[in-house]
Amino acid sequence: MTTDKRVLKTRKAITTAFMELTLEKDMQKITVSDIAERAVINRSTFYLHYADAKEVLDDIENNISEIVHNCFSKFDTSDIYNSTYNMFIAMTSILDETPAFKNFMLHSSSSGYITINLKKTLTDMALHTVLKKTSTYDAEKMRIAISYMVSGIVDTYILWAKDDKPKCSLEEFCRYITVLTEAVIGAIH
């Protein structure tokens with residue numbers, strides 16, 4: 001079943017309005033009226049799509065999880081460099097294509113909640129991928145190592161992406177992150 005383009009356009013306007021508003025005010029203070037006004041819709045149209053502002057945030061989080069899952073699903077533990085590089089290229093492309101999303105993820109204090117969930121999702125996916133590939137790793141030690149590694153990678157990537165003129169290219173960034181990733185995994189083995 002395909003969704004009507006008007007529905008998609010309205011939902012995008014609502015989520016974009018919400019993300020823009022989080023740059024201006026605390027998320028808990030954003031009202032349905034604020035979102036509707038910014039999205040240039042009326043409140044009744046908002047309620048056709050969402051119950052409240054929290055549901056908009058949940059939708060944004062679900063979209064981010066889907067994007068991350070799609071990017072990470074191609075990760076290959078036997079080719080960490082290319083997998084890491086391709087994942088970051090895809091994420092950077094997505095951020096660059098949607099300025100409201102990029103500003104929300106990189107500059108909104110409200111995105112911290114989503115960043116925490118993003119780290120958990122990446123940790124779970126990476127742990128599953130590594131343990132599926134080999135059973136020689138201690139699962140709990142690997143969870144700790146991967147959690148440490150993912151938190152560092154996500155935080156460092158956000159720092160790199162926030163820089164208007166990064167000190168290194170994406171390729172250099174990925175190369176360095178890959179060396180660190182391989183070192184962490186190697187230390188556990």
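- Remark: side-chain polar atoms of Asn62 are paired, donor with acceptor, to backbone N or O of Asp58 under 3.5 angstrom.
- Summarising the local packing, CD of Glu37 is surrounded by 12 or fewer heavy atoms from other residues, nucleotides or ligands at distances under 6.0 Å.
- With sequence neighbours left out, the side chain to side chain donor-acceptor pair (under 3.5 Å) criterion links Thr178 to no other residue.
- The two atoms that bring Ile35 and Ala17 nearest to each other are O-CB, 3.7 Å, heavy atoms only.
- Every side chain to side chain donor-acceptor pair (under 3.5 Å) that Asp34 has, sequence neighbours left out, goes to Lys25, Thr31.
- A pairwise comparison of heavy atoms in Trp160 and Cys168 identifies NE1-O, 3.0 Å as the closest pair.
- Tracing side-chain contacts under 4.5 Å through hydrophobic residues (I, L, V, M, F, W, Y), one reaches Ile158 starting from Ile60; they form part of the same cluster.
- Nearest heavy atoms, Thr22 versus Ser108: OG1-OG, 2.9 Å.
- Glu24 has its side chain within reach of Leu21: a pair of non-hydrogen atoms, C-beta onward, lies under 4.5 Å apart.
- In this structure, Val179 is not a member of the same hydrophobic cluster as Leu159, with clusters built from ILVMFWY side-chain heavy atoms closer than 4.5 Å.
- A distance of 8.5 Å separates CZ of Arg11 from CG of Asn63, quoted to the nearest 0.5 Å.
- Under a 4.0 Å N-O distance rule, the pair Lys54/Asp52 does not qualify as a salt bridge.
- Within the 4.5 Å cutoff, the side chain of Met125 has no heavy atoms near those of the His128 side chain.
- Not counting sequence neighbours, the partners of Asp96 by the side chain to side chain contact (heavy atoms under 4.5 Å, CB included) test are Thr92, Lys102.
- Here the straight-line distance linking atom CD1 of Ile153 with atom CE of Met87 works out to 6.5 Å at 0.5 Å rounding.
- Distance CG/Asn117 to CG/Leu122: 11.0 Å, rounded to 0.5 Å.
- For the atom pair CZ (Arg175) and OG (Ser169), the distance works out to 7.0 Å, reported to the nearest 0.5 Å.
- Other residues, nucleotides and ligands place more than 12 heavy atoms under 6.0 Å from the NE2 atom of His107.
- A distance of 8.0 Å separates CZ of Phe88 from CG of Leu170, quoted to the nearest 0.5 Å.
- Under a 4.5 Å side-chain heavy-atom criterion applied to ILVMFWY residues, the cluster that includes Tyr176 comprises Leu180 as well.
- With rounding to the nearest 0.5 angstrom, the CD1 atom of Ile41 is 8.5 Å from the CG atom of Leu48.
- In this structure, Ala53 and Ile30 approach most closely via the heavy-atom pair CB-O, 4.0 Å.
- Residue Thr15 comes nearest to Lys12 through the heavy atom pair OG1-O, 3.1 Å, listed as atom of the first residue, atom of the second, then distance.
- In this structure, Arg143 pairs ionically with Asp124, as a charged nitrogen and a carboxylate oxygen lie closer than 4.0 Å.
- Two residues are said to be in side-chain contact when any heavy atoms from C-beta on lie closer than 4.5 Å; Ile146 and Met149 meet this criterion.
- Sorted by first then second residue, the ring-ring contact (aromatic ring centres under 6.0 Å, His included) pairs that include residues 21-68, not counting sequence neighbours, are Phe46-Tyr50.
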**Item:** Working for side-chain contact (heavy atoms from CB on, under 4.5 Å), residues Met105 and Met91
**Value:** CA-CA 12 Å; Met105 287 305 296; Met91 291 299 292; over 6 Å; no
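- Here the closest non-hydrogen pair linking Ser147 and Thr123 is CA-OG1, 3.7 Å.
- In this structure, Ser93 contributes its side chain and Ile89 its backbone to no donor-acceptor pair below 3.5 Å.
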**Asked** Can Arg38 and Phe18 be said to form a side-chain contact (heavy atoms from CB on, under 4.5 Å), step by step?
**Response** CA-CA 8 Å; Arg38 179 66 61 98; Phe18 179 85; over 6 Å; no
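- In this structure, the side chains of Phe101 and Leu95 come closer than 4.5 Å at one or more pairs of heavy atoms.
- Contact of the Leu127 side chain with the Met142 side chain is registered, since non-hydrogen atoms from C-beta on lie closer than 4.5 Å.
- Applying the salt bridge (Lys or Arg N to Asp or Glu O under 4.0 Å) criterion to Lys167, with sequence neighbours excluded, gives Asp163.
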